[in-house]
2 protein chains.
Amino acid sequence: MIFGPPNDFREKSNSYRAVGELRRLIFSGELSPGSDHLETELAERLGMSRTPVREAALMLEAQGLVEVRPRRGMRILPVSPEDMQEIYDILTELEALAAANAAKAAQENRDLTALERSISDMEKALEADDRQAWADADERFHAALVHLGGNGRIEAITAMMADQVRRARAMTLYMRPAPVKSHEDHCGVLEAIRAGDAEAAHRIHHAHRKEAGALLIGLLRRHRFHQL
Amino acid sequence: MIFGPPNDFREKSNSYRAVGELRRLIFSGELSPGSDHLETELAERLGMSRTPVREAALMLEAQGLVEVRPRRGMRILPVSPEDMQEIYDILTELEALAAANAAKAAQENRDLTALERSISDMEKALEADDRQAWADADERFHAALVHLGGNGRIEAITAMMADQVRRARAMTLYMRPAPVKSHEDHCGVLEAIRAGDAEAAHRIHHAHRKEAGALLIGLLRRHRFHQL
DNA sequence: TTTCTCTTTAATGTATACATTAAATTATGC
DNA sequence: GCATAATTTAATGTATACATTAAAGAGAAA
């Protein structure tokens, strides 16, 4: 879990740089799920000593991305369809709550440009049939929505879960149908927030995540089946 | 967040022992919220070198309990009423989901003894007017419920949040009225799970957490007011 | 061959040394 | 006296040395 604002001194420290680097390597797939990596090896790869690498590994373990086992190195935790089910169940509840809270706070918080922009970015990506751009904008939409909800801990938790979803989505991005229904849902949520209708925002977003989750998990299971 | 089963080798390592020790010191109030603690100081206190202490501090930071600031030491994050509101909002959603899932899984999973025992422990504590025993049993009830829900990530998240709640509850335990309404709610949830009624389990537990949260936060605000 | 034991290897966990640098302190000019 | 600059202090971030010990491998007995 990534709490608090990103402090500037973190960027100067090798430990936190290692966290960022390792995250990048994990999400890009260069460190594949299930693989083990020794501290020495990673230290050489990142051009630093074992100390900051080791500290980074422990932080990533505390965040649930890897497992540190003595003498076997840092293991990149695989994400099974069962894991993804757990994650989507959580995202569904917490994001729907955030949507409702965003709608309740709509009076004070009128800046919905982030939501609007991500929706229009998704439209453009859909026209251009650019799946990756669509996925990026979709992620921005969800992040913006959760941010509007105003609960920092929900932001931290969903950001962590989004990390995992990104890994799964990379595998299934080109298997799914063009996300047209998603677009309607997003617009519906935005309008409900504009109107200050918390109940509608919650209901639409809850259904949206539930459907998207079922779709992704179905694809994941098929994907795993094909791999066997 | 504490992922995965507690591996035995962790108990032998000073780093993980330090995590446990520091958590104990934080929850017992020996390290008070808002206070700063230098690595050297903590290392001496725990009887080990700076290395494992530092690693523990970074793990606790990744879990959201403390903040590590260069040259100022490890700061124990205070828990404001606003923080507690965030936490209860999350607990409300995730535990209610767990309750619903537990009810759905009631056919397979018939072992409700943990729930039953914690409820009877609460009854006993209530009769003996032992607030601390009641709070402990209440915590066990919620933990058992979430465990029955079967989502390991929800378990990890709620366990982390429960840590924070415990700190707040320590302040307000003797301010609140005798928790009689809670008892009815707990029994209601248990019966709904027995009956496999997911909707009822969700509804009752959701309302239960919402009320309990409002009560605790009200007390916290008053408590803070008195401290000023 | 297989299995058990002993030896060797090497990765980790920890302590420690040291360079860096923010903060505190002193000194200096106004 | 006050503000600013120079100096000192000390806590951290990192590298490295080393003891520990799990795992791998070799060797002997069945």
Side-chain angles (χ1 to χ4, degrees), chain A residues 2-26 31-32 34-63 65-77, chain B residues 2-26 31-32 34-63 65-77:
Chain A
I2 311 120
F3 280 98
N7 294 336
D8 34 336
F9 64 79
R10 289 191 175 174
E11 284 149 35
K12 293 184 183 170
S13 142
N14 274 344
S15 302
Y16 292 104
R17 279 207 312 113
V19 170
E21 270 303 295
L22 289 175
R23 288 172 61 88
R24 196 187 60 72
L25 289 170
I26 292 168
L31 301 181
S32 57
S35 58
D36 291 323
H37 305 274
L38 300 175
E39 290 177 5
T40 317
E41 179 194 312
L42 291 171
E44 195 172 356
R45 189 163 184 172
L46 300 186
M48 54 186 79
S49 86
R50 270 179 54 221
T51 305
V53 170
R54 180 179 163 75
E55 289 174 350
L58 292 172
M59 288 191 264
L60 291 172
E61 180 178 56
Q63 292 175 9
L65 266 183
V66 309
E67 186 181 6
V68 174
R69 292 182 304 176
R71 282 153 218 294
R72 302 226 191 157
M74 182 184 87
R75 179 181 160 81
I76 314 298
L77 288 179
Chain B
I2 312 121
F3 280 100
N7 294 336
D8 35 337
F9 63 79
R10 289 192 174 174
E11 284 148 34
K12 293 184 184 170
S13 144
N14 274 343
S15 302
Y16 291 104
R17 278 203 316 112
V19 170
E21 271 303 296
L22 290 175
R23 287 173 62 89
R24 195 187 60 73
L25 289 171
I26 292 169
L31 301 182
S32 58
S35 60
D36 290 323
H37 305 275
L38 299 176
E39 290 177 4
T40 317
E41 179 193 311
L42 291 171
E44 195 172 355
R45 189 163 184 171
L46 300 186
M48 54 184 78
S49 85
R50 269 179 55 220
T51 305
V53 170
R54 179 180 163 75
E55 289 174 352
L58 292 172
M59 288 192 264
L60 290 172
E61 179 179 56
Q63 291 174 11
L65 266 183
V66 308
E67 185 182 7
V68 174
R69 292 181 305 174
R71 282 155 217 294
R72 302 225 190 156
M74 182 183 86
R75 179 181 161 81
I76 315 299
L77 288 179

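The sequence lines fix the lettering, A, B, ..., with proteins before strands; numbering per chain opens at 1.
- For B:P52, whose side chain is taken as the heavy atoms from C-beta onward, the closest listed nucleotide among C:dT12, C:dT14, D:dT16 is C:dT14.
- B:M48 places its CE atom 13 Å from the P atom of C:dT16, with the value rounded to the nearest Å.
- Rounding to whole angstrom units, CZ of residue B:R50 and P of D:dT14 are separated by 11 Å.
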- A:M59 and B:M59: CA distance, side-chain angles, deciding distance, side-chain contact (heavy atoms from CB on, under 4.5 Å) verdict: CA-CA 5 Å; A:M59 288 191 264; B:M59 288 192 264; 5.6 Å; no

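- Closest to the side chain of A:E39, out of C:dT14, C:dA23, C:dT12, is C:dT12.
- Here C:dA15 presents its P atom at 14 Å from CD of A:E55, a figure rounded to the nearest Å.
- In this structure, the salt bridge (charged side-chain N to carboxylate O under 4.0 Å, His left out) partners of A:R45, at least two apart in sequence or on a different chain, are A:E30.
- An OP1 or OP2 oxygen of C:dG13 is reached within less than 4.0 angstrom by a side-chain nitrogen or oxygen of A:R54.
- Going from atom NE2 of A:H37 over to atom P of C:dA11 covers 14 Å, rounded to whole Å.
- Other residues, nucleotides and ligands place no more than 12 heavy atoms under 6.0 Å from the CZ atom of B:R72.
- In this model, the phosphate group of C:dG13 is not approached by any side-chain N or O of B:N14 to a distance below 4.0 Å at OP1 or OP2.
- A close approach under 4.0 Å does not occur between any side-chain nitrogen or oxygen of A:T40 and OP1 or OP2 of C:dA10.
- The CE atom of B:M74 sits 15 Å away from the C1' atom of D:dT12 (whole-angstrom rounding).
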Under 3.5 Å, N/O pairs linking protein and nucleotides 19-21 of chain D:
residue : atom : partner : partner atom : Å
D:dT21  : O2   : A:R71   : NH1          : 3.3
D:dT21  : O2   : A:R71   : NH2          : 3.4

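- In this structure, A:L46 places its CG atom 12 Å from P of D:dT14, rounding to the nearest Å.
- For C:dG13, the OP1/OP2 oxygens have no side-chain nitrogen or oxygen of B:T51 closer than 4.0 Å.
- Residue A:E61 contributes atom CD, which lies 14 Å from atom C1' of C:dT12 at whole-angstrom precision.
- Taking atom CD of A:E41 as the reference point, atom P of C:dA10 lies 15 Å away to the nearest angstrom.
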Item to complete: Go through the steps for B:L65 and B:L77 under the test side-chain contact (heavy atoms from CB on, under 4.5 Å), then give the verdict.
Response: CA-CA 6 Å; B:L65 266 183; B:L77 288 179; over 6 Å; no

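- Among the nucleotides D:dT14, D:dT12, D:dA23, the one closest to any side-chain atom of A:S49 is D:dT14.
- Atom CD of A:E41 has more than 12 neighbouring heavy atoms from other residues, nucleotides or ligands inside a 6.0 Å radius.
- When every heavy atom of B:V66 is checked against every heavy atom of B:A57, the shortest pair comes out as CG2-O, 3.7 Å.
- Listed by first then second residue, pairs satisfying side chain to side chain donor-acceptor pair (under 3.5 Å) with a partner in residues 46-60 of chain B read A:R54-B:E55, A:E55-B:R54, B:S15-B:E55, B:E39-B:R50, B:E39-B:R54, not counting sequence neighbours.
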